[in-house]
Each structure stands twice: as structure tokens, then as C-alpha cells.
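Written below as C-alpha cells is the structure these notes are about.
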Amino acid sequence: MAEALPGYELGEELGRGAMGEVIAGTHRKLDRRVAIKRLPKTFALDPSVVERFGREAKLLASLAHPNIVPVYDYVEDQGLCLIVMESLPGGTVWDRFRGAGLSMPEACAIVEATCAGLQHAHDKRVLHRDVKPDNLLFDAEDTVKVADFGIATVLGGEETLATLDGEVLGTPAYMAPEQALGEPVGPGADVYAAGTMLYELLSGRLPFSEEGGAVALLQRRVHDAPAPLEAVA
């Protein structure tokens, strides 16, 4: 990584997930702190996955909004695929929700900011598909930013990112019914996820029980109505 990014000083690991790990870095000349997302080496050997990762970087770079994490650079070098992004030191919405907690105005403001970022993405024909508190981060000024468009879809046209018709991608707890069924989805799927998240941040629980695992949860989401918010908040 150091050879691939000579202009950056690399730091500690910030986190990792299915689509790679995130490492802290600092631009040497600009003294700007960044986060560097690296595709796992085993994935980097698959040309189709490398193409997916590159499309993610290109999509993210096309989005310019105060509530979306900006991309600064993308590098492919000797089996490494790296996205250089803004550093967001404030942690995730989930961390704050499970830690100090959120007031009703704070929860509403977070979801409003999320929807503003998603609207910009939708205007660019980009769908997130995995909106959840873990994918929302705070910057140093406490501004909420939507991150990880790794399973987004380019709405319309022939190009898709990380999805095929009939393939279910996303997090079951926040997934829209049509997405759970593997049907084509539109911006409403992101709105549904944002609404589910608002319900959780206000009430402290999800609209549907998670008992029985992911399949049971998805079935409830498709066939059952959620408990009214005023009954559980």
C-alpha cells in the first residue's frame, strides 16, 4: 500500500467489512487526513470484483453533496484496489445510538440529512441499497454523511453495480419488501430503509421482530404490518 500511495502516510486500521478494510492515512503535502478503503486480496484476484470496486469509486466520485462522503482518489496497483476518501472521525450513527443515545430532534435531523444525500444520489441515478445506521458517519463538525455505496445500482441503462436481477443484496433488518423478494428496486427502497431507521432511532427497536433469523424477518417484512410507532416509543 505504501508503494501504491507514495503521497500518503499510512496509519491504523479503522474497520473492515465484506468489501474490504479501511485504513487511516494522511496526505503528506496537504496534511489532510483520509480514509483508505482496500479491497481484500482474495477478491482483488477476481477481475469482475475489481471492476465492481472501480465502479464503486467512479460512482462515489460523481456524487458531490454535503451529506455524502467524498472520494479523493482511486488506485489499482499490483493487485491492490484502493479508494481514498474523506476521513470521518465522528464514528457511526449506530455507535452513537447504542452509546450516548439520540434525542428525538437529533434522530429526525440525522434521517433528514440522510434523505438529502440520498436524494442527490437518486438524482444522479444511483441507488444505495444498504441504508442503515452503520453506513452513516459523522465528520469532525458532526455532519452526517452517507457512506458505502458498494452495492448500489445505476438506475436505468445497462450498467449495474454489484447486483443482478433476482439477487438479494442489503441488510435484512432495513430491506424493502421488493428488495427482499429479489425484485427490481428503485429509490423507494432507500426511502423505506431510511424510514425503518427512523423508527428504530425513535423507538429503540426495529419495526419487526428479528426472531427466527433473516428469512423469518424478511417474511414478516413482506407479509405483516409493523407495530405503530406510538405503541412502542
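We count residues from 1, following the sequence as given.
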Is there any ring-ring contact (aromatic ring centres under 6.0 Å, His included) pair reaching into residues 194-227, and which pairs are they, with sequence neighbours excluded?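 Every candidate ring-ring contact (aromatic ring centres under 6.0 Å, His included) pair involving residues 194-227 fails, so no pair, neighbours aside, qualifies.
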D142: side chain to side chain donor-acceptor pair (under 3.5 Å) partners, not counting sequence neighbours: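 If we apply the side chain to side chain donor-acceptor pair (under 3.5 Å) test to D142, skipping adjacent residues, the hits are R96.
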Group every Ile, Leu, Val, Met, Phe, Trp and Tyr by side-chain heavy-atom contacts under 4.5 Å, then state whether [X] and [Y] land in the same group.
X	Y	result
V144	L102	yes
V191	V222	no
L80	M85	no
V22	L10	no

Testing the basics here: between A147 and L137, what is the closest heavy-atom pair and its distance to 0.1 Å?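 Smallest interatomic distance, heavy atoms only, reads CB-CD1, 3.5 Å.
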Polar contact flag, side-chain donor to acceptor under 3.5 angstrom, Y192-E178: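 No donor-acceptor contact under 3.5 Å links the two side chains.
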[atom2] on [Y] to [atom1] on [X], rounded to 0.5 Å:
X	Y	atom1	atom2	result
T143	I110	OG1	CD1	11.5 Å
E9	D31	CD	CG	9.5 Å
K37	R16	NZ	CZ	13.0 Å

Can you tell me if E13 has over 12 outside heavy atoms packed within less than 6.0 Å of its CD?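 Correct, the count exceeds 12.
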Without swapping roles, check the side chain of H120 against the backbone of A64 for a donor-acceptor pair under 3.5 Å.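 Checking the backbone N and O of A64 against the side chain of H120, a donor-acceptor pair under 3.5 Å is found.
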